[in-house]
Amino acid sequence: MNKDRKLLIAGNWKMNKTASEGAALVQGLYLELAGTKQLEIDIVVCPPFTALSEVSKVLVDPKIRLGAQNMSEHNYGAYTGEIAAGMLREFGVRYVILGHSERRQYFHETDEIISRKAIAAHAAAIKPIVCVGELLAEREGGLTEQVVGKQLRGSLAGLSKEQMAETTIAYEPVWAIGTGKTATAQQAQDTHAFIRRLLVELFDDTVARRVRIQYGGSVKPANAKELMSLPDVDGALVGGASLEVRNFSDIVKNSI
Ligand code: PEP
């Protein structure tokens with residue numbers, strides 16, 4: 001893999017796995033990935049909040065890092081049911097997924113909220129993974145760049161160049177999430193290249209060259225190699241296939 005940027009492969013477990021199931025999954029991943037070197041690839045698991053503590057106890061080797069699936073934009077206070085960045089950091093959380101399409105759709109998260117969350121995450125030394133992506137009707141209507149561009153301008157607003165360089169973008173076409181449909185290599189590369197050009201415009205060339213842009217949407221062992229070899233694809237955000245040791249470890253192995 002001859003890219004300046006190190007690949008980042010993250011598993012989004014969504015609302016799956018109890019604490020003990022999550023710990024067992026991570027232990028299985030360590031066994032399967034014993035041969036891979038930490039230097040080759042960044043691997044992140046994002047369990048539900050209730051499994052963070054148990055999973056953090058078994059993450060004994062920094063080859064696999066801990067991520068969360070969401071967080072509050074606020075640092076503390078009267079926000080029933082919410083969890084702050086500082087609380088996540090205490091469990092060793094290094095990454096947080098922000099603005100996943102399910103949060104945008106079911107919990108009405110806007111680009112403005114996502115940008116406030118991203119700023120709060122950086123303040124707690126947690127690296128955001130900011131998700132963007134178009135609906136099927138938007139792709140078919142030729143609106144992909146317009147939609148993704150608007151999401152990025154809004155969700156990344158207020159980040160400094162230094163913060164942006166430590167932020168990951170996950171391009172996840174909504175029509176490819178959990179559907180078994182994957183963007184073609186050309187569709188993925190074209191949109192990733194568009195995102196990188198936009199980062200030059202919004203930040204600068206140096207930042208744009210550093211930012212990792214993950215692809216997400218039905219990534220599996222069988223398609224990982226082709227997707228990860230694309231020039232502007234710097235990793236994957238994996239949903240369904242991250243719930244099973246063999247699938248997730250094969251995605252990692254096939255990407256190296
Ligand atoms: C996701 O939800 O981020 C995702 C990409 O899911 P899946 O891999 O199941 O399509």
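Read the numbers this way: they start at 1 and go in the same order the structure lists the ligands and their atoms. In what follows, residues are counted from 1 in the order of the sequence shown.
The ring pair (Phe, Tyr, Trp, His ring centres under 6.0 Å) test applied to Phe49 returns no partner, not counting sequence neighbours.
Counting heavy atoms from C-beta on, the side chains of Ile169 and Ile129 never come closer than 4.5 Å.
Partner of Asp234 under the side chain to side chain donor-acceptor pair (under 3.5 Å) criterion, out of Arg5, His192, Gln214: Arg5 alone.
The 4.0 Å heavy-atom shell around ligand 1 contains residues Asn12, Lys14, His100, Glu172, Ala176, Ile177, Gly178, Gly216, Gly217, Ser218, Leu237, Val238, Gly239, Gly240, ordered by chain and number.
Side-chain contact of Gln151 with Asp111: a donor-acceptor pair under 3.5 Å is absent, judged by distance alone. His122 and Thr167 form a side-chain donor-acceptor contact under 3.5 Å, judged by distance and modelled atom types alone.
Judged by a 6.0 Å distance limit and a 45° cone about the ring axis, Arg103 is positioned over the six-membered ring of Phe107.
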